[in-house]
Structures are given as structure tokens and as C-alpha cells.
Amino acid sequence: MTNEFTPKSDFLHVLLERGFVHQCSDFPGLDEKALQGGLAAYIGFDCTAPSLHVGSLLPIMLLSWLQRTGGKPLPLMGGGTTRVGDPSGKDESRKLLSVEQINLNKESIRKIFERFLKFDDAPNDALMLDNADWLAGLNYIEFLRDVGRHFSVNRMLTMDSVKMRLDREHELSFIEFNYMCLQAYDFVEVNRRYGAVLQMGGSDQWGNIVTGLDLGRRMGSPQLYALTSPLLTTSSGAKMGKTAAGAVWLNADMLSPYDYWQYWRNTEDADVIRFLKLFTFLQIEEITRLSRLQGAEINEAKKTLATEATALIHGRDAAEKAEETARTTFEQGTLSLTLPTITIESSEITAGLGVLNAFVKAGLVASTGEARRQIKSGGLRINDEIITDERRIINEKDFTDSGIAKLSLGKKKHLLLQLK
RNA sequence: GGGGGAAUGUCCCGAGCGGCAAAGGGGGCGGACUGUAAAUCCGCUGGCUAAGCCUUCGUAGGUUCGAGUCCUACUUCCCCCA
């Protein structure tokens with residue numbers, strides 16, 4: 001895919017070297033553009049949830065590298081398109097969200113970008129866009145006349161995202177079918193308004209991006225370019241970004257820095273180097289050095305990955321604190337007071353709180369039923385002591401003088417109860 | 001417009017003679033082995049005030065001691081004919 005081509009621009013050089021590139025519509029052409037400086041590129045982001053998750057991290061890194069190599073990053077909030085729903089890769093139609101919900105999500109997501117990009121007034125400072133700005137007020141008739149006539153339904157039917165739905169005999173509603181038209185139009189509009197000539201995205205967006213490129217040609221935009229990043233899976237094939245607790249969110253109020261650190265710490269051996277290149281800004285030389293580690297030494301690389309990745313979104317302090325918490329908890333096996341903590345009224349203890357409910361309250365298990373099952377297989381511990389009696393009551397003696405007790409699920413998930 | 005199929009445990013796929021909390025996978029979680037890894041093996045994978053009780057098989061009714069299973073209507077999807 002990227003064979004033979006040797007980029008002259010820093011931007012493509014870094015991207016290729018670090019494994020960010022899956023496909024590009026025109027390597028030499030884009031390379032040339034990047035060399036000229038001031039390359040403006042955008043990536044669209046959904047507003048379907050109040051936080052982005054690790055799956056979105058890769059595109060964010062792309063934008064950040066763009067800025068670091070002199071380009072102008074334009075993160076685009078899908079405030080408009082989220083109202084429609086992207087059919088790509090999904091059999092089920094998405095639930096439509098309310099406009100209010102979308103706006104709330106948008107605000108919440110926006111904060112993440114500020115950790116990765118510099119937003120200001122310099123020429124290559126980032127600019128946050130929202131396609132609702134031009135999509136929400138679209139006039140249907142005008143849109144059909146000016147834009148719609150350039151779309152070939154014949155061609156759209158051959159696109160993978162659509163074909164899959166048709167082949168598998170799944171419903172594809174008109175509103176979803178229009179998604180790609182809107183996204184294509186975005187490209188033209190972002191180019192017209194902000195001069196972006198490049199759209200990036202995950203490999204599943206290739207079809208949508210190329211459709212935009214095509215529309216641009218028909219509507220007289222300058223030459224546009226497409227670049228996609230590989231779909232992220234772990235070496236054992238699992239999709240990235242899922243854990244027991246659900247998605248790996250980037251917002252601290254949805255996933256603590258400690259848990260985020262743990263997510264990266266638990267990376268499979270085979271993925272560490274790839275992830276270091278993609279999700280940290282460490283020098284390639286440093287990563288190469290880490291890649292020579294063997295066997296259990298790889299754990300060092302994992303810690304580096306975890307700390308660097310955590311520092312990017314939660315700050316260096318929080319990352320180092322998470323690392324230290326992990327060291328005390330896992331390597332020394334002692335009680336770390338900086339583990340994620342939930343507070344509990346002391347009256348609840350006096351009233352007699354059973355272990356089952358305590359674990360549910362802590363969020364380590366979803367129900368008392370699950371707690372029972374975990375106890376049967378020896379998965380629950382309080383202060384490192386395996387719970388064998390599901391009717392065990394937690395009492396004052398379980399707490400330290402300062403009112404702390406540690407609950408654990410399995411060997412990895414720990415949490416503190418703090419008496420109030 | 002006519003005819004024939006299909007919807008199952010709210011993660012997914014999928015079996016299911018009128019006695020069903022419902023086979024089997026995948027995924028996930030826990031245990032063993034390790035290095036907080038992978039692979040492998042074992043167990044679990046509706047809820048609860050738990051040897052009992054409650055709620056699940058597209059929706060609403062009906063037959064029956066008893067319905068995922070039979071009947072009726074409705075919804076959605078698929079196939080064939082026009």
C-alpha cells in the first residue's frame with residue numbers, strides 16, 4: 001500500500017514511519033502539498049456520546065502530528081451529520097439523538113481536543129468546526145440542485161458500506177443513505193471556507209471521504225486528498241476500546257486516569273511497539289530501543305506506554321500518580337491510598353453492609369447475583385483476603401484507622417471504600 | 001395487490017415434541033499457569049430480601065392446569081408471483 005513511496009514532507013514521513021497510514025488517494029500529490037507548508041486538513045468526529053473513546057484517539061493523533069509538522073488541523077464536530085447517522089459498517093440503524101443531546105455531547109468532546117491541539121490565532125493553529133453551521137440551514141431544493149445532481153446513485157450503490165447492507169438484506173433508510181452525501185458536501189464546504197484539501201479518518205471512512213473528493217472535482221474545488229488510518233484491533237483480533245466496564249472513555253469523569261493507565265498497561269506484548277508509535281509522541285529512537293526488550297522486560301515498555309498515553313489526556317501528574325499507584329498495588333502488594341475511591345456513609349456499616357451489596361455499590365460487579373458467582377470462583381477479595389462467605393458482613397474491623405478498606409475483583413481491579 | 005417465511009436470553013450469532021430460566025457458539029468475566037502479556041485448561045455468563053420468589057422469547061389478545069412452542073390481530077423484515 002505504501003511500498004516504494006518515500007515522502008519528502010515531514011508530515012507524511014512521520015505518519016508512514018509510525019504506522020498511521022492505511023490508504024491515501026495520492027501520496028506524491030499530497031506530499032507535494034505538505035511540502036508547500038500550511039497544509040490544512042480535517043477529520044470528522046461523531047457526537048453520539050458525551051466523550052470520545054480510545055477509538056477516536058488515532059484520528060486525534062493524526063491532527064496533532066499535522067500541527068506538529070506545520071499544518072493546520074481542523075477537527076470537525078458532526079453536529080449536523082450526527083442528526084442523520086452513519087451507516088458505515090453497521091447493520092443496525094443508529095438511534096437518532098435529540099438535538100439537545102448532540103449539543104451537550106459536542107461541548108463535552110470539545111475539551112479533549114484542547115489537550116492535543118493548540119487553538120489560537122496563529123496561521124497553523126487549530127480551529128474547531130461544526131458541520132451544523134452549514135448543514136442545519138440547508139435548503140432541500142437548493143441542495144438537490146447544486147449538490148445532489150453530482151451524486152450518482154448507481155455509484156453509491158456499489159460502495160461497500162451500502163452494498164453490505166443491501167447484500168445482507170438489512171434495512172437502509174433514506175436518511176442514512178443521505179449521510180454520505182452530507183459528508184461529501186462537508187469536504188467541499190470545509191475546503192471552500194477553510195481551505196482544507198485533505199480529509200483524514202479511519203479506514204472505514206474511505207468510501208465517504210473519496211465520495212467527497214469526487215464531489216469536489218465535480219463542483220470545481222481544488223484537488224482534494226484522502227488519507228485513512230488502519231482500523232485498530234489488538235493482535236489477538238479484538239476490537240480496541242472495550243473493557244469490562246465498557247468503553248475506554250477519554251473524559252476523566254467517565255474513566256479515572258488510574259483505570260485509563262491500567263488499560264494501556266494491560267496491552268498485549270505484540271501490540272506495545274505499534275501502540276507506542278501511534279499513541280505517544282516518544283521519539284522513534286526511544287521506541288526502537290524499547291522494541292529490543294524481551295520477555296518480561298516488555299513490561300517496562302508497557303509502563304512507558306501507559307504513562308505516556310495517560311499523560312496526554314490527563315496530564316503528566318495524573319499519569320505518574322497512576323503509575324505510582326500501580327507500583328504500590330501490584331509490585332509491592334501494599335495498600336495504595338491513591339486507588340480510585342468511593343465514599344460510604346459509616347451508618348451503612350453500622351447497619352451491617354453485606355459484601356454482595358458492597359461490591360455492587362462499588363461498581364465492581366453489576367448485581368448481587370454476579371457478586372455471588374464471583375465469590376464461588378474466588379474472584380472477590382476484601383483487603384486481599386478472599387471472600388468465601390457470601391453472607392459476610394463488612395464491619396469496622398475491615399477498615400483502617402483512617403477508614404479505608406480495599407475491595408478487589410480478580411487480580412487487577414481494585415477500589416477503595418472510604419468511610420465518611 | 002396475492003402467496004410463503006422470519007423476529008429467541010437487551011453484546012452478537014443461533015437451537016428450541018405444550019412442562020423452559022430455555023441447547024450450542026462467539027464475546028465477556030473469574031480461576032489455574034505466567035510477566036498485571038499471549039496461548040492453553042477449568043468455571044461462570046436473567047433479577048432478588050435466594051434451597052424460595054419475580055421478570056424474560058417482536059406487540060396485544062385468546063385456547064390450555066400449563067404457551068417461546070397452538071390460534072387471532074397488529075408491527076417490522078425477507079422471498080416468490082402480479
Side-chain angles (χ1 to χ4, degrees), chain A residues 53 89-95 165-173 176 233-248 258-276 290-291 293-307 309-310 322-334 336 339-340 348 351-382 384 386-393 406-415:
Chain A
H53 49 83
K90 294 182 187 63
D91 286 341
E92 302 285 321
S93 304
R94 252 187 216 170
K95 279 184 228 103
R165 290 278 283 262
L166 296 178
D167 287 351
R168 301 179 65 176
E169 299 172 350
H170 274 288
E171 162 79 353
L172 175 66
S173 73
E176 292 171 284
T233 54
T234 67
S235 291
S236 36
K239 285 195 202 81
M240 275 200 69
K242 295 282 194 246
T243 64
V248 180
Y258 168 79
D259 287 322
Y260 190 75
W261 193 92
Q262 282 297 319
Y263 172 75
W264 293 105
R265 172 64 244 263
N266 285 297
T267 297
E268 296 172 24
D269 281 13
D271 292 323
V272 189
I273 298 307
R274 189 160 58 104
F275 289 177
L276 277 166
L290 289 168
S291 74
L293 296 174
Q294 292 295 319
E297 293 173 343
I298 293 175
N299 284 329
E300 289 311 310
K302 289 186 190 177
K303 286 184 221 168
T304 305
L305 169 65
T307 302
T310 306
E323 180 169 11
E324 185 51 36
T325 303
R327 195 191 329 280
T328 357
T329 304
F330 289 96
E331 294 177 24
Q332 296 171 10
T334 53
S336 168
L339 280 168
E348 289 198 65
L353 178 63
V355 279
L356 298 177
N357 283 315
F359 274 85
V360 172
K361 199 174 272 290
L364 286 170
V365 294
S367 64
T368 59
E370 189 187 338
R372 274 171 224 272
R373 282 179 233 122
Q374 291 294 0
I375 287 172
K376 279 200 191 91
S377 49
L380 295 191
R381 281 169 295 157
I382 176 162
D384 295 321
I386 294 181
I387 298 169
T388 50
D389 177 9
E390 63 182 43
R391 271 181 290 196
R392 179 170 191 247
I393 301 292
K406 181 168 82 167
L407 301 185
S408 311
L409 164 65
K411 293 193 176 61
K412 293 185 185 174
K413 296 178 202 82
H414 307 283
L415 198 139

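Protein chains get the first letters and strands the later ones, always in sequence-line order, with residue 1 at the start of each. Not measured: the values here are computed from a predicted model.
Residues A:G410 and A:K303 both approach RNA chain B. Their nearest nucleotides, taken by heavy-atom distance, put A:G410 toward the 5′ side. Nearest-nucleotide positions on RNA chain B for A:S377 and A:F330 put A:S377 closer to the 5' end.
Rounded to whole Å, the separation between the C1' atoms of B:G5 and B:U56 comes to 25 Å. If you take atom C1' in B:G66 and the same atom in B:G14, they sit 27 Å apart, rounded to whole Å. A distance of about 16 Å separates the P atoms of B:C20 and B:G16, rounded to the whole Å. Nucleotides B:A6 and B:C53 have their C1' atoms positioned 35 Å apart, rounded to a whole Å. B:C48 and B:G58: their C1' atoms are spaced 27 Å apart (whole Å). Spacing between B:G4 and B:U55 at atom C1', rounded to whole Å, works out to 35 Å.
The nucleotide B:A7 finds its pairing partner in B:U75, both defining distances of the Watson-Crick or G-U wobble pair being shorter than 3.5 Å. Applying the Watson-Crick and G-U wobble criteria (two distances, each under 3.5 Å), B:G52 pairs with B:C48. B:A22 makes up no base pair with any nucleotide shown, lacking Watson-Crick or G-U wobble contacts both under 3.5 Å. Base pairing of B:C70 is made with B:G62, judged by Watson-Crick or G-U wobble geometry with both donor-acceptor distances under 3.5 Å. Remark: B:U34 base-pairs with no nucleotide; criterion is Watson-Crick or G-U wobble with both hydrogen-bond distances under 3.5 Å.
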Return the polar atom pairs (N/O with N/O) between nucleotides 33-35 of chain B and the protein under 3.5 Å, or none.
| residue | atom | partner | partner atom | Å |
| --- | --- | --- | --- | --- |
| B:G35 | O6 | A:D269 | OD2 | 3.4 |
| B:G35 | N1 | A:D269 | OD1 | 3.4 |
| B:G35 | N1 | A:D269 | OD2 | 2.6 |
| B:G35 | N1 | A:G295 | O | 3.4 |
| B:G35 | N2 | A:D269 | OD1 | 2.5 |
| B:G35 | N2 | A:D269 | OD2 | 3.4 |
| B:G35 | N2 | A:N299 | OD1 | 3.3 |
| B:G35 | N2 | A:K302 | NZ | 3.1 |
| B:G35 | N3 | A:N299 | ND2 | 3.4 |

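Among residues two or more places apart in sequence or in another chain, the side-chain hydrogen bond (donor to acceptor under 3.5 Å, both in side chains) test is passed with A:R373 by none. Legend: residues meeting salt bridge (Lys or Arg N to Asp or Glu O under 4.0 Å) with A:E297, ordered by chain and number and at least two apart, are absent. With sequence neighbours excluded, no residue forms a side-chain hydrogen bond (donor to acceptor under 3.5 Å, both in side chains) with A:Q294. Checked against side-chain hydrogen bond (donor to acceptor under 3.5 Å, both in side chains), A:D384 has the following partners two or more places apart in sequence or in another chain: A:K406. Every residue meeting the side-chain contact (heavy atoms from CB on, under 4.5 Å) condition with A:A309, not counting sequence neighbours, appears here in chain and number order: A:W264. Checked against side-chain contact (heavy atoms from CB on, under 4.5 Å), A:L415 has the following partners two or more places apart in sequence or in another chain: A:I342, A:A362, A:L364. A search for side-chain hydrogen bond (donor to acceptor under 3.5 Å, both in side chains) contacts involving A:K303 returns A:E300, A:E331, not counting sequence neighbours. For A:D269, the salt bridge (Lys or Arg N to Asp or Glu O under 4.0 Å) partners at least two apart in sequence or on another chain are A:K302. By the salt bridge (Lys or Arg N to Asp or Glu O under 4.0 Å) test, A:K361 is found to be paired with A:E348, residues two or more places apart in sequence or in another chain being considered.
A close approach under 4.0 Å does occur between a side-chain nitrogen or oxygen of A:R373 and OP1 or OP2 of B:G47. Between A:K413 and the phosphate of B:G30, there is a side-chain N or O to OP1/OP2 separation shorter than 4.0 Å.
In this structure, CZ of A:R381 is placed 7 Å from P of B:G31, rounded to the nearest angstrom.
Side-chain to base pairing of A:E331 with B:U36: no donor and acceptor N or O lie closer than 3.5 Å to each other.
For the segment residues 351-369 of chain A, the set of residues with a heavy atom within less than 4.0 Å of an atom of RNA chain B comprises A:S367, A:T368, A:G369, in numerical order.
In this structure, A:Y258 has its ring center at least 6.0 angstrom away from the ring center of A:H414.
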**Request:** List the protein contact pattern of nucleotides 51-57 of chain B with one symbol per nucleotide (5' to 3'): B for base contact, S for sugar-phosphate-only contact, - for none; contact means a heavy-atom distance under 4.0 Å.
**Result:** -------
